[in-house]
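Here is the structure we will look at, set down as structure tokens.
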Amino acid sequence: MHRFLCLSILLVGLFANTGSHATEVPPSISTADDLGPKVEQPIEFPHDRHAGPRNPADAADPSVPAKGGMEINCMYCHTGARRSAVAAIPPLQKCVGCHQTINSVRETPRIQKLFEYWDAKKPVPWKKVHDLPDFVRFNHERHIQRFVFAQNKPVQEACGYCHGDVKTMTVARRQKSLSMGWCVSCHEKDHPVDVAATKTTHGPNDCWQCHK
Amino acid sequence: MSVTNLLENWSQFRHGHPVDDKPHEEYKWAMAIDLDACTGCNACSVACYAENNIPVVGKEKFNAGQQMHWMRIERYWPEDGREFADQGAQFLPMMCQQCEAAPCETVCPAGATNHTADGVNSQIYNRCVGSRYCSANCPFKVRYFNWYDYPSTDNVWPAEMTQQLNPDVSVRSKGVMEKCTFCVQRMTAAKNTARNEGRLVRDGEVQTACQQACPTNAISFGNLVDPESKVAKQWAHQQVELSKEVQAKDAQEGGTDLRGYRIMEELRLYPSVMYLERVRESAI
Amino acid sequence: MIENGFNRRDFLKVLGWGGAVVALSGCGNTSVQDGAEIVTSYVEPPEYALPGIGVYFNSTCAQCDAGCSITGRVREGRVLKLEGNASSAINRGKLCGLGQAGVQAHYNPDRVREPLLRNGDKGEAITWDKALGLINEKLNGVKGDEIAFLTGAVSGHVKVLLKNYLEALGSKNHYAYDAVAPSVVRAANKKAYGVEMPRLRLDKAQVVVSFGADFLGAWVSPVHFSQEYAQFRKGSDGARGVLVQIESKMTLTGANADRWIAIRPGTEGILALGVINALDAAGLSLPADVAAVSKAYNAERVSKDTGVSAEQISKLATLLKARTPSLVIAGGAAEGYKHGSQNAAAIALLNRVLGNIGKTIEAPANVPFPQVAVTTGNRSSVQALNDSMANGKLKVLFSYGVNPVFTAPAALKFQDNLKKVSFKVVFANYLDETALAADLVLPLDSALEDWGTAVPEYLVEAAQLNIQQPLMEKLHAGTRGTGDILLALLKQRRANEYKDYEDFYSYLRSAVVKNKSALGGAGADDDTFWGETLSEGLVKLPASNGALSAKSSAAGLVLPAPAEEDSAYPLHLIPAVTANLRDGRHANQPWLQESPDPLTTIVWDSWVELHPKTAAKLGIVEGDIVEVTSRSGSVKAQAYLFPGIHPDAVSIPLGNGHTALGRWAKGVGINAFSLLDQVVDKDTGELALNETRVKIGKTGKRVMIVKDEGAAGGSQAGKKIAVSASTDEVELSGEV
């Protein structure tokens with residue numbers, strides 16, 4: 001790969017203006033978990049409260065505010081992940097569906113804000129945290145089908161490959177670089193095709209698989 | 001074929017025989033176009049604009065040869081000096097022929113155009129540096145270069161029109177090459193569904209936009225690896241073989257009663273598109 | 001797939017779905033970014049709407065009157081692409097380029113967005129209440145016969161409301177206008193077969209002889225005919241159908257013919273009788289009345305009159321005699337003369353003597369609800385309207401779906417006469433030439449936003465009621481549906497009768513559901529029936545096939561001698577109706593402008609087609625700007641030399657030459673309608689489109705023609721690119 005890239009940059013340098021890419025320092029391809037910037041959301045959605053582990057001290061009574069999380073499956077809200085290319089932000093109706101019966105937090109500022117949107121029938125303008133370049137064709141469904149359904153990995157682990165440990169976050173923050181090199185580093189590895197792990201195969205490496 | 005191939009054995013892969021060295025495993029997408037059914041109506045071409053976010057360049061740029069129609073209808077007149085074109089015109093839908101030994105691939109300095117495992121010639125826009133070598137080396141002239149940044153060009157996509165753009169297809173920016181993809185976004189979607197159901201894509205499950213629109217069903221598209229697919233049957237009936245450079249029709253002195261041929265076979269590009277000759281009645 | 005009306009609105013909402021929006025520019029978001037884009041999700045999602053996955057809705061194409069059913073692909077609330085709906089027998093899942101461009105009519109930036117009232121030279125935006133109030137006010141004290149409604153072809157429930165509105169106003173003046181309709185052929189068919197448009201079974205014919213019917217391009221129902229044509233070419237048991245096209249200017253259909261016969265303009269009827277004469281000579285027994293007429297048309301005379309060789313005529317007769325059944329079609333080229341009716345009648349006789357009636361010419365399905373059946377447009381209606389305007393009889397004119405200021409022949413002086421009408425209301429999607437002449441412009445929803453029904457003129461198998469439904473939320477708050485406007489106007493007159501209908505949707509739903517038992521929904525509950533109807537996009541109407549009554553007699557059929565030479569205007573002008581632009585209403589859809597004309601490959605312009613021989617005589621070469629002058633007008637356009645036109649004729653395509661309409665249409669090319677002389681077919685009074693005589697002069701200017709065929713003019717340069725074989729050389733039976 002490296003030698004190949006050098007060649008192309010050299011050739012590009014021969015053309016005056018088209019080669020402007022070559023003068024820029026290419027971004028380093030990092031596979032480290034470098035944390036993305038903090039993103040301010042209209043409502044500070046606490047992922048830890050929803051997906052984090054239960055605190056044994058929490059009572060079963062929903063009228064008492066819990067201290068721990070609720071271990072809600074990621075796909076309970078992000079329902080698109082298993083059946084669509086996009087995981088989808090849940091519709092407001094989903095949030096309200098639960099929260100209208102959870103009186104213990106009904107008057108907290110975040111939930112009040114939520115109901116303001118609901119009463120106005122306006123969607124919450126969430127900011128996109130994991131925003132891939134527009135030319136990328138990333139399909140959630142394929143990854144969830146493979147890791148969760150074929151290989152029987154825990155959902156939070158499978159989602160965490162790309163999204164990091166969301167259950168420990170309040171507002172989600174990008175943890176992986178999501179660069180092409182980072183994607184390829186995983187696609188190059190051999191993964192078992194199913195739970196029995198009798199056969200392994202690497203991810204697809206056709207350019208068109210991910211570039212649209 | 002892929003990143004691994006690029007890295008492992010670029011030159012050997014390129015110079016080897018396109019089919020025997022690397023037989024296709026699950027899919028080899030191919031087409032058959034019946035020129036006797038094609039009426040030259042342009043439905044395919046407009047469908048392609050709609051599906052693939054192709055910019056409309058306008059008269060001036062068209063005149064400069066900067067039109068972007070991935071699928072064009074070529075029109076030929078008989079060249080025997082007759083007074084009238086009394087057997088009509090010859091129409092030929094022309095788009096990327098998805099050559100097995102694609103001449104565009106070998107000359108790309110950036111590796112932006114490659115062969116996929118499905119036997120399709122891919123074009124990766126953000127890898128493309130705009131050298132245009134590929135277009136120069138394409139004998140079919142089916143590669144189109146973005147001379148302008150069409151999304152920001154007046155009257156190409158005014159704000160309202162952008163809502164029509166297909167989210168499954170990138171809108172290309174200035175300085176990159178583009179061409180027919182055999183509607184890769186539709187193939188990807190069909191393969192995804194098939195994967196979920198643990199099977200291969202069925203014949204007819206994926207249609208290209210041009211095929212879908214064609215009012216006379218002149219275009220068929222499918223998987224050549226599957227002998228039961230319509231396209232494989234058509235190729236077989238016409239005795240056209242992917243890895244041959246002289247097909248049955250031309251191998252025999254005086255020809256046979258078959259109609260299948262590929263364009264510019266003598267260049268040994270092994271295109272994935274077979275055409276069926278137009279027919280004209282001899283009794284009138 | 002489709003749900004009830006009440007939560008439909010939600011679904012149609014456009015979503016700004018970050019992950020699914022288009023990659024508008026490779027230069028836009030080219031790297032991973034955080035927090036730059038906003039993701040909008042549904043507030044309350046319909047259960048089937050999943051971001052990232054397309055949903056399909058069925059509706060009806062409104063680009064022409066053929067009535068193809070369409071399926072719109074909708075993602076995140078936006079309609080992206082139109083496909084054919086496979087459950088319609090008319091287009092069976094296919095769609096032409098014109099139909100595909102329907103999304104560009106919808107998203108077009110030049111749509112009118114609010115009601116406009118004339119204030120001097122300007123249109124002033126007003127509210128709907130004011131606009132509708134104004135109409136009510138202007139109609140006060142105006143007598144019924146001083147009011148007229150001009151439309152194109154109209155059918156379905158919009159037609160019902162339109163008729164009721166006119167009735168409420170006490171007016172009988174509904175003018176249905178179609179500048180390029182086959183109206184003379186319709187009248188001739190009525191005489192020959194007892195129906196205006198029989199079913200033409202191309203698929204059953206072994207030979208099709210078309211006298212200028214461009215059924216693959218722009219004639220009647222081209223997508224349907226193209227499918228039948230494909231079957232005809234494949235043939236039953238490998239016997240490939242043979243197409244012979246006879247016309248003075250090659251159409252798309254002509255370009256696909258096995259034999260294209262160039263004929264002297266206007267002599268189509270003579271040739272038809274000549275072929276009958278030759279059939280007689282070949283031993284076919286003719287009915288006495290036909291023989292009496294055809295005996296005068298011996299090969300020598302016919303050949304001299306038509307310019308078609310005697311050998312060609314006899315070959316054609318031999319073919320027709322040997323291969324049956326055949327099908328003979330009279331089309332636009334044959335009907336466009338003073339004697340167009342006679343031409344069409346002579347051509348219809350061929351079907352009679354060949355025994356095609358009942359075999360390849362079948363009775364069409366009857367529409368059991370005549371109130372929704374199509375009222376076809378014709379050209380004489382605009383003449384009638386023009387006359388009453390010129391007399392100062394009209395005080396209020398409504399116009400919907402037509403652009404007569406652009407399409408009426410110059411000789412009518414339509415625009416001047418229009419000024420005599422004191423209040424002109426135009427229902428418009430765009431500010432076209434007619435809308436610009438209006439006093440009040442009412443902006444319409446696009447065809448992809450509006451509700452409606454339509455019954456196609458050319459029906460296949462059974463009659464069907466096509467459903468038109470919104471594929472997405474309205475783009476502009478200020479537009480309204482045609483039905484909604486008519487309903488609001490009706491409520492001004494008959495409030496009581498329509499008080500139950502809140503909007504056109506509720507009217508439509510109740511009108512369809514009320515008849516559910518006749519529409520195949522007996523026993524189903526209303527919601528289910530309506531849901532299924534919307535889901536299908538059409539309802540099959542109970543079948544009752546009409547019958548043909550072949551009452552054509554050759555007696556009295558007189559064909560004039562070929563037109564005499566006109567030394568002042570030596571050439572026949574044949575205005576061409578092209579598949580892309582038709583009568584010009586689609587000229588502002590850029591895909592159609594950039595889609596090359598199939599024959600000349602010219603884009604974004606008009607041109608003057610000339611035979612190379614004619615051009616050589618006049619010293620004209622390709623690209624010369626020539627001035628084409630008729631008795632009624634004159635235009636300047638680029639010359640294109642072309643082996644598909646008779647040397648006595650020149651052809652200019654219709655559709656371009658707009659002075660308004662929108663950014664992609666205005667100023668492109670020239671308007672050939674402006675050349676037309678007011679000459680009519682004697683029997684029907686229809687404008688004879690091909691009767692205009694012109695002369696051509698060079699202007700001394702020359703341009704490079706912008707076309708797709710390349711510098712070589714479409715030469716294969718000796719290579720085998722597009723290859724042709726004769727039927728002797730190939731074996732078609734057994735092909736996959």
Side-chain angles (χ1 to χ4, degrees), chain A residues 1-22 26 82-86 132-146 148-150 179-181 183-185 187-190 193-194 201-212, chain B residues 1-8 10-11 27 29 52-53 107-133 145 151 165-176 181-185 187-189 191-193 195-198:
Chain A
M1 178 69 120
H2 181 65
R3 203 164 38 176
F4 187 71
L5 281 175
C6 287
L7 175 70
S8 71
I9 288 167
L10 185 75
L11 281 172
V12 170
L14 295 174
F15 307 104
N17 290 324
T18 52
S20 62
H21 304 68
R82 66 184 165 80
R83 53 194 178 139
S84 170
V86 291
L132 293 175
D134 290 346
F135 49 77
V136 175
R137 186 200 321 271
F138 176 82
N139 192 336
H140 277 91
E141 179 183 15
R142 281 270 55 77
H143 291 83
I144 296 299
Q145 289 292 340
R146 174 65 177 274
V148 176
F149 295 109
S179 67
M180 176 171 152
C183 295
V184 169
S185 69
H187 273 221
E188 280 175 342
K189 284 182 205 149
D190 277 340
V193 294
D194 54 24
T201 177
H202 58 71
N205 57 11
D206 260 337
C207 307
W208 253 353
Q209 204 63 234
C210 313
H211 285 265
K212 66 182 183 188
Chain B
M1 174 182 249
S2 63
V3 178
T4 320
N5 276 314
L6 282 176
L7 300 180
E8 282 172 0
W10 169 255
S11 60
Y27 304 106
W29 302 109
N52 291 305
N53 304 339
V107 295
C108 178
T113 181
N114 306 292
H115 231 61
T116 71
D118 297 354
V120 181
N121 173 256
S122 69
Q123 176 71 26
I124 306 304
Y125 305 124
N126 59 316
R127 178 127 199 141
C128 176
V129 297
S131 76
R132 295 180 279 127
Y133 289 3
F145 185 67
L165 295 172
N166 186 352
D168 297 336
V169 178
S170 289
V171 174
R172 287 73 63 183
S173 53
K174 181 175 176 171
V176 303
T181 64
F182 266 7
C183 286
V184 62
Q185 65 282 2
M187 296 194 278
T188 307
K191 281 196 281 188
N192 186 51
T193 313
R195 274 265 178 102
N196 285 343
E197 294 168 15

_Looking at every non-hydrogen atom in both residues, tell me the closest pair between Arg137(A) and Val184(B) and how far apart they are._
NH2-CG1, 3.9 Å
_If you count heavy-atom pairs within less than 4.5 Å of chain B, which of Arg146(A), Gln145(A), Glu141(A) leads?_
Glu141(A)
*Select, from Ile124(B), Thr188(B), Val120(B), the one with the greatest count of heavy-atom pairs under 4.5 Å involving chain A.*
Ile124(B)
*Any sub-3.5 Å donor-acceptor pair from Lys212(A)'s side-chain atoms to Pro167(B)'s backbone N or O?*
yes
*Indicate yes or no: at least one non-hydrogen side-chain atom of Asn126(B) is less than 4.5 angstrom from one of Met180(A).*
no
*Measure the spacing between CZ of Arg195(B) and CG of Asn139(A) and express it to the nearest 0.5 Å.*
10.5 Å
*Roughly how far, to the nearest 0.5 Å, is CH2 of Trp208(A) from CG of Asp118(B)?*
9.5 Å
*Contact winner vs chain B - His187(A), His211(A), Arg142(A), Gln209(A), heavy-atom pairs under 4.5 Å*: Arg142(A)
*Check each atom of Asn121(B) against the heavy atoms of chain A and say whether the ones under 4.5 Å are side chain, backbone, both or neither.*
backbone
